[in-house]
Q: 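Let me give you the structure first, and then I'll get to my questions.
Since the model is a prediction, treat every value here as computed from it, not as a measurement. Chain identifiers are assigned alphabetically (A, B, ...) following the order of the sequence lines, protein sequences preceding nucleic acid strands; residue numbering begins at 1 within each chain.
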Number of protein chains: 2
Amino acid sequence: MVAQAQRHSGHEHPRPRSAAVVDDIVGQLSDRGYRDTEPRRLVISAVAAQGRPFTAEELCASLPCVGRATVYRGLRLLVETDQVCRVLLEDRELRYQLSHQGHHHHLLCAVCGASADLEGCDVEDMLREAATAAGFRMSGHWLEVYGRCGECAEG
Amino acid sequence: MVAQAQRHSGHEHPRPRSAAVVDDIVGQLSDRGYRDTEPRRLVISAVAAQGRPFTAEELCASLPCVGRATVYRGLRLLVETDQVCRVLLEDRELRYQLSHQGHHHHLLCAVCGASADLEGCDVEDMLREAATAAGFRMSGHWLEVYGRCGECAEG
DNA sequence: ACAGAATTGATACCAAATATCATATGTACA
DNA sequence: TGTACATATGATATTTGGTATCAATTCTGT
């Protein structure tokens, strides 16, 4: 199994399981001592509802009832606790995205913004080997793959 | 040959061939209709003199005689024409670096900032394959590898 | 319910980068 | 070699994205 792709269409609505996702994340934050608050839930919920990588500003715009600072704080918290990961698109804009399970890589559609997770793709070993050959001790890596999703490639 | 590493020590001085590098880049810009100007040469020269990934502000600081706007414009031009590539360190700071030959990846030392190019590392094929399996048509990718260089790993 | 710490949000603030526009400078062409 | 004109420059203002402040509010454990 080289690649298991779990597709997140850029066109779909908030998932039905979104409430469960929010509960799950709130629970994980609780375990780390962070409180379960209304605004924080709103932020998490909005994050979970995004179908594609989003900017902090977009998130603010979608949460008119939550203060800017709180949105940014919530986002930062989610990134710090690895619930959300940053993705850098080719246009240099920094975006965010729910990280689904541990470390993985993204396939990003340059046209519609849809993303897919690339799992089980064993670049790590190859990179570690190459890094070692160059005298480095690898501690991590960041990989984004750009392209067109099936739908957008047809056009 | 898995990895040919061409090391750029973070501690070294501007290369002797720096003038030739500047001429080369200016020539390439000329071919595309961009003029050969004094401030632009200064920017290119400063870029070529950097031994490690640098921020736009650092570049400005090293060019007190060139206007900020001109530095930023020059940098953007170099990125657009693929003379310079952006690297995103783990601390989220966006930095820049001369791109040496075509597409390649970077090994970045998290301690001293030294970088090395990772050439001949065939992630591309693997990624293209995985992307195809996920229904994507890959058009590009971005990969950064973080770690510690030989010197810094010893400590 | 209570105490105390964490969180919120309005606002001010900051830094990085871009837009503006009059002036200066290359380049092509006569 | 000069000249015309588009391009580039740079001082400054502005925008943008994000953080610090701090009084008021809200959680959580007891």
Q: Select base, sugar-phosphate, or nothing to describe what B/R40 touches, counting heavy atoms under 4.0 Å on all strands.
A: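 The answer is sugar-phosphate, as B/R40 gets under 4.0 Å only of primed atoms, P, OP1 or OP2.
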
Q: Quick one, B/V47 and B/Q83 - any side-chain contact, counting heavy atoms below 4.5 Å?
A: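 Result no, sub-4.5 Å side-chain heavy-atom pair not found.
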
Q: Looking at DNA chain D, which of residues 54-61 of chain A put a heavy atom within less than 4.0 Å of it?
A: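 Within this stretch, A/A56, A/E57 sit under 4.0 Å of the strand.
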
Q: When you compare the side chain of A/L127 with that of A/M138, does any pair of heavy atoms fall below 4.5 Å?
A: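 Heavy-atom side-chain distance check passes, below 4.5 Å.
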
Q: Looking only at heavy atoms, what is the nearest atom pair of A/S62 and A/Q50, with distance?
A: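 Minimum heavy-atom separation between A/S62 and A/Q50: OG-NE2, 4.0 Å.
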
Q: With salt bridge (charged side-chain N to carboxylate O under 4.0 Å, His left out) as the rule and sequence neighbours excluded, what pairs involving residues 24-37 of chain B come up?
A: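 Only B/D36-B/R41 qualify under salt bridge (charged side-chain N to carboxylate O under 4.0 Å, His left out).
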
Q: Could you state the atom-to-atom distance from CZ of A/R76 to C1' of C/dT7 in whole Å?
A: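 Rounded to whole Å, this separation is 13 Å.
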
Q: Is a donor-acceptor contact shorter than 3.5 angstrom present between the side chain of B/R73 and the base of D/dG10?
A: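 Between D/dG10 and B/R73, which were checked side chain against base, a qualifying N/O pair under 3.5 Å is present.
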
Q: Taking all non-hydrogen atoms of both residues into account, name the closest pair between A/L107 and B/A131 and its distance.
A: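 Here A/L107 and B/A131 meet closest at CD2-CB, 3.5 Å.
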
Q: To the nearest 0.5 Å, what is the distance between CG on B/L98 and CG on B/L78?
A: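 With rounding to 0.5 Å, CG (B/L98) is 8.0 Å from CG (B/L78).
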
Q: Would you call A/E58 and A/R95 a side-chain contact if the rule is heavy atoms closer than 4.5 Å?
A: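 A side-chain contact under 4.5 Å exists here.
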
Q: Can you work out whether A/V71 or B/S30 has the more 5'-proximal nearest nucleotide on DNA chain C?
A: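 The residue closer to the strand's 5' end, by nearest nucleotide, is A/V71.
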
Q: Dump the pairs, protein N or O against N or O of nucleotides 2-5 of chain D, anything under 3.5 Å, distances to one decimal.
A:
none

Q: If you define the side chain from C-beta out and look only at heavy atoms, does anything of B/Y96 sit under 4.5 Å from B/L59?
A: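 Not touching, per the 4.5 Å side-chain cut-off.
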
Q: Which whole-number value in Å describes the distance from B/Y34 OH to C/dT27 P?
A: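 The distance from OH of B/Y34 to P of C/dT27 comes to 15 Å, rounded to the nearest Å.
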
Q: Mind calculating the distance between CG (A/L75) and P (D/dT19) to the nearest angstrom?
A: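 The distance from CG of A/L75 to P of D/dT19 comes to 9 Å, rounded to the nearest Å.
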
Q: How many Å lie between CG on A/D31 and C1' on D/dT28, as a whole number?
A: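 Distance, rounded to whole Å: 15 Å.
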
Q: Determine to 10° how strongly the helix from C/dA1-D/dT30 to C/dA30-D/dT1 is bent, judged from the axes of its five-pair ends.
A: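 Between the first-five-pair axis and the last-five-pair axis there is 50°.
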
Q: Separation of A/R95 atom CZ from D/dG17 atom P, in whole Å?
A: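 Atom CZ in A/R95 sits about 11 Å away from atom P in D/dG17.
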
Q: Separation of B/L77 atom CG from D/dT9 atom C1', in whole Å?
A: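 These atoms are roughly 14 Å apart.
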
Q: For residues A/A116 and B/F136, report the shortest heavy-atom separation together with the two atoms involved.
A: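 Here A/A116 and B/F136 meet closest at CB-CE1, 4.0 Å.
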
Q: Measure the distance from CZ on A/R41 to P on C/dT7 and round it to the nearest whole Å.
A: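 Distance, rounded to whole Å: 14 Å.
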
Q: In whole angstroms, how far is the C1' atom of C/dA10 from the CG atom of A/L63?
A: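 Rounded to the whole Å, the gap is 17 Å.
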
Q: Measuring from B/R137:CZ to A/R148:CZ, what's the distance to the nearest 0.5 Å?
A: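 Rounded to the nearest 0.5 Å, the CZ-CZ separation comes out at 8.0 Å.
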
Q: For a quick test of your reading: what N or O donor-acceptor pairs under 3.5 Å do the side chains of residues 65-75 of chain A make, sequence neighbours left out?
A:
{"from": "A/R68", "atom 1": "NH1", "to": "A/E57", "atom 2": "OE1", "distance (Å)": "3.3"}
{"from": "A/R68", "atom 1": "NH1", "to": "A/E57", "atom 2": "OE2", "distance (Å)": "3.1"}
{"from": "A/Y72", "atom 1": "OH", "to": "A/E57", "atom 2": "OE2", "distance (Å)": "2.5"}

Q: Does A/T37 reach a base, just sugar-phosphate, or nothing at all? Heavy atoms under 4.0 Å.
A: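 Sugar-phosphate, backbone atoms only, no base.
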
Q: Counting just side-chain N and O atoms, does A/Y72 come under 4.0 Å of either OP1 or OP2 of D/dT19?
A: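 No, A/Y72 has no side-chain N/O under 4.0 Å of OP1/OP2 on D/dT19.
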
Q: Answer whether the closest heavy-atom distance between the side chains of B/I44 and B/L29 falls below 4.5 Å.
A: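 SC-SC contact between B/I44 and B/L29 confirmed.
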
Q: Assess whether one donor atom and one acceptor atom, taken from the side chain of B/R68 and the base of D/dA11, lie less than 3.5 Å apart.
A: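 Under the 3.5 Å cut-off, the side chain and the base do not form any donor-acceptor pair.
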
